[in-house]
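Atom set for the values below is all heavy atoms of this structure, side chains included, hydrogens, waters and symmetry mates excluded.
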Amino acid sequence: MMTGCAVAQVTCRSCKSQGNHPCKNHGKAPELAREQLDAGTIHCSVTATCKTCAGALGTDCKLCDNEAATTELERRRQLVAEWRQARKTAVDDVVDQKRKTPALHLRTPHCELTCTLKPLTVDRKKLDTHALMHLYGQRIESLRAMFVEQFELEDKDLPATLQVFLFESQKDHALMSPRATGIGSNGNRIKLMGVPAVLCMYRDRRDAKDDAALHRQVVHHVTHLLLGNMQPSHWLGNRKHGWVDAGVAHWFEDRITQRCANFCYDEILLKPGAGFKGGKWRPPVRKLVTTKKAISFAELSTRNTDQLSFEEHAMAFAYVDFLLTVHGGAKFRDFVRRLKKGDTSREGLKAIYGLSPLTVDPKFHAWVRAEYPPR
Ligand SMILES: [Zn+2]
Ligand SMILES: [Zn+2]
Ligand SMILES: [Zn+2]
Ligand SMILES: [Zn+2]
């Protein structure tokens with residue numbers, strides 16, 4: 001038998017020797033349990049207002065003395081307070097001062113999100129502003145992760161932080177967008193290409209009727225931001241590479257939401273809510289190809305984004321779909337990099353794919369005939 005070799009240990013049954021307790025205010029209410037489940041959350045302005053823990057999500061154990069745990073709680077409280085103050089200066093002091101409820105803020109690993117959306121139904125459940133903010137935070141993170149995976153990027157190839165503002169009211173959008181992006185606020189959706197990467201938008205009910213439509217818009221516009229800001233950071237839409245700029249945004253819309261419905265207002269003059277073939281573009285592209293009405297690559301690759309017609313948007317999507325599906329994401333990434341460094345589409349196509357504007361079309365057409373459904 002061994003005796004006399006016990007190690008002195010402070011044990012506290014109350015906190016299981018952790019030195020702190022999870023803040024009770026976030027344990028029971030379903031929307032607050034999310035804070036602990038959602039590992040992506042770094043800060044949330046709703047928990048930051050908690051009277052018990054001030055957003056640290058824990059409270060000091062009164063029954064034991066654990067200096068390290070106490071210091072850690074204080075550090076967390078301090079971080080939340082500093083972040084909250086920064087968001088107040090950057091956003092709360094800028095948006096409509098008469099608003100009845102405060103704008104909510106969320107910090108996730110790669111996104112600083114502000115949300116004032118009114119409740120929306122998602123999967124037959126009504127989600128309030130706070131729940132919607134967490135959902136959109138997750139959606140933006142997962143889009144970014146998908147973008148990184150698709151193009152075989154490293155994390156440092158993309159901006160560390162996307163700034164996204166999802167407003168309910170146009171007034172907040174109009175006040176915030178000049179400040180956040182440094183450009184005017186005539187459009188519904190403002191993207192700033194360059195650093196920092198900013199998307200400021202409000203929910204225009206004419207074209208964002210429900211959560212699915214709004215989600216599709218966010219996917220489309222955040223994809224533009226990611227592509228433009230992918231190193232080296234340059235917008236391709238005004239360098240005759242409109243088909244790449246729009247095509248990639250449509251491609252992610254289709255992949256995540258199975259439909260393409262967004263044409264930036266500066267891309268195409270149209271009534272809000274107008275679309276092309278119900279957003280299902282493979283059959284109409286196939287028809288353009290089989291009836292020999294499809295625009296050639298040589299011609300498509302002379303257009304800026306704002307010069308593309310509806311049909312050309314669909315063709316841009318299809319060329320991107322072809323290159324990504326047949327040749328993979330890494331090659332497309334290298335192709336985009338060459339374009340950003342000044343190559344023409346012709347030069348980039350030759351260097352990366354060994355194709356020319358004339359030889360790409362027969363291959364693309366054969367692939368469309370084989371892969372795209374007639375209806
Ligand atoms: Zn304790
Ligand atoms: Zn929250
Ligand atoms: Zn709390
Ligand atoms: Zn677009």
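Without hydrogens or angle criteria, T121 side chain to R124 main chain gives no donor-acceptor distance under 3.5 Å. In this structure, the side chain of R338 does not engage the main chain of T344 through any donor-acceptor pair within 3.5 Å. Under the 3.5 Å distance criterion, the side-chain polar atoms of Q97 are matched with a main-chain donor or acceptor of V95. A donor-acceptor pair is defined here as one N or O able to donate and one able to accept, closer than 3.5 Å; no such pair exists between the side chain of R107 and the backbone of H43. K277 places no side-chain N or O within 3.5 Å of a backbone atom of P283 that could act as its donor or acceptor partner. Put simply, the side chain of D204 gets close to the backbone of R206: a donor and an acceptor are under 3.5 Å apart. For E312 (side chain) and S309 (main-chain N/O), a donor-acceptor pair under 3.5 Å exists by modelled atom type. Side chain of N229 to backbone of L226: no donor-acceptor contact under 3.5 angstrom is found. A donor-acceptor pair under 3.5 Å links the side-chain atoms of N304 to the main chain of K240, judged by distance alone. Side-chain atoms of T129 come within 3.5 Å of backbone N or O of L117 as a donor-acceptor pair.
Side-chain contact check for Q217 and D207: at least one donor-acceptor pair (N or O, by modelled atom type) lies under 3.5 Å. Residues H215 and T257 have side chains that never bring a donor and an acceptor to within less than 3.5 angstrom of each other. Side-chain atoms of H105 and D92 include a donor-acceptor pair closer than 3.5 Å. For T161 and E112, the side-chain atoms include no donor-acceptor pair closer than 3.5 Å. No side-chain donor-acceptor contact under 3.5 Å links R337 and Q231.
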Please step through ring pair (Phe, Tyr, Trp, His ring centres under 6.0 Å) for the pair H313 and F276, ending with a clear verdict.
CA-CA 9 Å; H313 273 276; F276 180 64; 9.3 Å; no

Does R282 form a salt bridge (Lys or Arg N to Asp or Glu O under 4.0 Å) with D254? I'd like the steps, not just the answer.
CA-CA 10 Å; R282 288 180 176 86; D254 174 76; 3.0 Å; yes

Check step by step if salt bridge (Lys or Arg N to Asp or Glu O under 4.0 Å) holds for E72 and R75.
CA-CA 5 Å; E72 172 60 13; R75 189 187 70 89; 3.0 Å; yes

Worked verdict on E347 versus K341 for salt bridge (Lys or Arg N to Asp or Glu O under 4.0 Å)
CA-CA 11 Å; E347 290 162 345; K341 286 178 181 157; over 6 Å; no

Begin from the C-alpha positions of T114 and V164 and carry the test side-chain contact (heavy atoms from CB on, under 4.5 Å) through to its verdict.
CA-CA 6 Å; T114 293; V164 179; over 6 Å; no

Determine whether S296 and D361 satisfy the following criterion, side chain to side chain donor-acceptor pair (under 3.5 Å), listing intermediate values before the conclusion.
CA-CA 7 Å; S296 67; D361 281 342; 4.7 Å; no

Are H224 and W235 close enough, and set up right, to give a ring pair (Phe, Tyr, Trp, His ring centres under 6.0 Å), and what steps lead you there?
CA-CA 9 Å; H224 272 303; W235 186 45; 7.8 Å; no

Using ring pair (Phe, Tyr, Trp, His ring centres under 6.0 Å), reason through H250 and F317 one step at a time and then give a plain yes or no.
CA-CA 6 Å; H250 294 313; F317 156 78; 7.3 Å; no

Does the ring pair (Phe, Tyr, Trp, His ring centres under 6.0 Å) test come out yes or no for H220 and F252, once each step is laid out?
CA-CA 7 Å; H220 181 98; F252 278 90; over 10 Å; no

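Other residues, nucleotides and ligands place more than 12 heavy atoms under 6.0 Å from the CZ atom of R239.
Looking at K118 and R203, their side chains never come closer than 4.5 Å, going by heavy atoms from C-beta outward.
There is a path of hydrophobic side-chain contacts, each under 4.5 Å, that joins F263 to I256.
The cationic group of R139 lies under 6.0 Å from the six-membered ring centre of Y136 and within 45° of the ring axis, placing it in a cation-pi geometry.
Relative ring orientation between Y319 and W243 is described as perpendicular, the plane-to-plane angle rising above 60° on a 0-90° scale split at 30° and 60°. Using the six-membered ring where Trp is involved, F165 and F167 have ring planes that are parallel, under 30° apart on the 30 and 60° scheme.
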Return a table of donor-acceptor pairs under 3.5 angstrom between the side chains of residues 364-375 and protein atoms on other chains or two or more places apart.
residue: Y372; atom: OH; partner: D321; partner atom: OD2; Å: 2.5

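Remark: E253 engages no residue in a salt bridge (Lys or Arg N to Asp or Glu O under 4.0 Å) (not counting sequence neighbours).
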